[in-house]
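Here the structure comes first, spelled out in structure tokens, and everything after it is commentary.
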Amino acid sequence: MNSISYRDIWKLAYPILISVLLNQLLGMTDTAFLGRYEDGEIALGASALGGLFYTAVFMLGMGLATGTQILMGRRNGEERHKEVGRIFYHTLVILLVFAFVLSGCISLFASRLLSFWVDSSPLVEASSQYLHWRLPGFFFAYVAVLFRAFYVATTRTRILTYNSLLMVVCNVVLNYVLIFGHFGFPRMGIAGAALATVLCEGLSMLYFVYYTVRHTDYAKYALNHLPVFRLSMFRRILSLSVWTMVHNSLSLVTWFIFFLAVEQLGVFELAVTNIVRNVSSIFFIAISALAATTSTLTSNLIGRGALQSVPLLLRRTITMAYCLVVPMLFFAALFPEAVLRIYTANPACIEAGRSSLYVLLTSYLLTVPGHILLSAVMGTGNTRRAFYIGITAMVVYVCFVLSLIYPGRLALPWCWLSEHMYSLITLALSGIYFLRSKWRHVQL
């Protein structure tokens, strides 16, 4: 694949797009059910804080898988297929160690940290309960995310759609049963939402294993036997992935800081923020799918020696992203109440969320090229530079949020201007990187 057409991009991107859409529905399902549960404001706020805390730590493993995906994509482009399996199994060992260590750390320290940061005692208690039930999901989710990296790196993405569809159906049923206590099950509330997600993550992992055994030429990629584990391979994977690990985790930490800052404005404002954040995830679906596509195609193209095709890939991917996102932005701007009503039936939350939603919508004009270019920087293998770009944008983002909330306690819509700041800096620094020629010489 030395020449990239819109059809080539879409063929790889649309299964990822459907997969990301369905994965977003998992969080949307939790929000929709908890928004109709008794003490809905506490449940929504706690699921937001607990979910972000869990996800921020989980993103360490996700970052490792992202780095592994780049490395496997390069080897796939070079047609060194046996190396893909060796990378896969070395990464699996690291991920399982991470899952054990991180789940223990959260179990010991999460409640104390939440108590230190959050003023509301009921919110801390509910968030801690949510995290307690989510911890076993680390083991399932880490294995599943490694399989996802493998299939994206080898440009065989159709499995992602099937897997995510299975998870969503399972999550809807289990949320209905466990949150509200139907069919003889106990009424678990926010704990039921967490347990439902864990069970779905376990099912996802099992389905990936089943599909790989039944429908994948696993011998081609040396997945049919364990390799000789070498320290040099562990070092190579970690040296590439450590930057994506920290970057991914810190990106969620900035969201966590944003929610903690908004909590100072009140529990009601926190609930509204959670609703608007879930709305924002709808628009981010297309961007995330095309960004993942850009990263793996960039890695594969460089592996094939087709460096001249990378700028064309970037232009066409950004164009496709605008074509997908802009119509959704117009719809949300014209019918904000209908969009917000997906997540809450509370008229006060809907009214309060309108102005914040309008501010958020305009930020996506910068988010589209910024996020795709940053993913392409990772795809070149220069994960350290991508980290520097991301951390610079995050620092500005956090400083902007804190300066708005803590001194003056400005209204919630002003806080969402932070999205513009983050995307603008990401776009500028990633663009400068590709205007230079050093990206053509990154070795993996």
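All values derive from a computational prediction rather than experimental measurement.
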Distance, nearest 0.5 Å, that separates CD1 of I318 from CG of L290: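 Going from the CD1 atom of I318 to the CG atom of L290 covers 10.0 Å.
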Looking at every non-hydrogen atom in both residues, tell me the closest pair between [X] and [Y] and how far apart they are.
| X | Y | result |
| --- | --- | --- |
| A153 | M72 | CB-CB, 3.7 Å |
| A332 | L357 | O-CD2, 4.3 Å |
| R74 | T380 | NH2-O, 3.1 Å |
| A289 | I16 | CA-CG2, 3.7 Å |
| L96 | F139 | O-CE2, 4.2 Å |
| R86 | M233 | CB-CE, 4.4 Å |

Sub-3.5 Å donor-acceptor pair from the side chain of [X] to the main-chain atoms of [Y], do we have one?
| X | Y | result |
| --- | --- | --- |
| T294 | A376 | no |
| S430 | L427 | no |
| S295 | A291 | no |
| N163 | S204 | yes |
| T296 | G73 | no |

Return a table of donor-acceptor pairs under 3.5 angstrom between the side chains of residues 385-398 and protein atoms on other chains or two or more places apart.
from : atom 1 : to   : atom 2 : distance (Å)
T392 : OG1    : Y388 : O      : 2.7
Y397 : OH     : E419 : OE2    : 3.4

Is there side-chain contact between W10 and T293, with at least one heavy-atom pair below 4.5 Å?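 A side-chain contact is absent here, since even the closest heavy-atom pair is not under 4.5 Å.
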Under 30°, 30 to 60°, or over 60°: which ring-plane class applies to Y151 and F208, parallel, tilted or perpendicular?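 Parallel.
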Is the number of heavy atoms from other residues, nucleotides or ligands within 6.0 Å of [atom1] ([X]) greater than 12?
| X | atom1 | answer |
| --- | --- | --- |
| Y218 | OH | no |
| K82 | NZ | yes |
| F100 | CZ | no |
| R158 | CZ | no |

Determine whether S280 and Y364 satisfy the following criterion, side-chain contact (heavy atoms from CB on, under 4.5 Å), listing intermediate values before the conclusion. CA-CA 9 Å; S280 74; Y364 277 91; 3.5 Å; yes
query = Among all residues two or more places apart in sequence or in another chain, which pass the ring-ring contact (aromatic ring centres under 6.0 Å, His included) test with F234?
reply =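 F234 satisfies ring-ring contact (aromatic ring centres under 6.0 Å, His included) with H90 only.
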**Request:** Mind checking ring-ring contact (aromatic ring centres under 6.0 Å, His included) for Y176 and listing every partner two or more places apart, or none if nothing turns up?
**Result:**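 Expected list: H182.
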Please step through ring-ring contact (aromatic ring centres under 6.0 Å, His included) for the pair Y142 and F58, ending with a clear verdict. CA-CA 8 Å; Y142 275 179; F58 166 77; 5.4 Å; yes
- Query: Looking at F229 versus Y89, is the centre-to-centre ring distance below 6.0 Å?
  - Reply: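 No, they do not, as the ring centres are separated by 6.0 Å or more.
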Check your understanding: With a 6.0 Å cut-off on ring centres, are F88 and F147 close enough?
Key ->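 Between F147 and F88, which both carry aromatic rings, the centre distance is below 6.0 Å.
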For R134 and T197, what are the C-alpha separation, side-chain angles and deciding distance, and is it a side-chain contact (heavy atoms from CB on, under 4.5 Å)? CA-CA 7 Å; R134 279 298 304 270; T197 303; 3.7 Å; yes
### Candidate pair H420 and L424, rule side-chain contact (heavy atoms from CB on, under 4.5 Å), full reasoning
CA-CA 6 Å; H420 296 73; L424 180 62; over 6 Å; no
Residues R236, L240; criterion side-chain contact (heavy atoms from CB on, under 4.5 Å); working and verdict
CA-CA 6 Å; R236 178 177 297 178; L240 177 67; 5.8 Å; no
_We want to know whether T367 and S423 form a side-chain donor-acceptor pair, criterion being a heavy-atom distance below 3.5 angstrom._
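The criterion, which ignores hydrogens and geometry beyond distance, is satisfied for S423 and T367.
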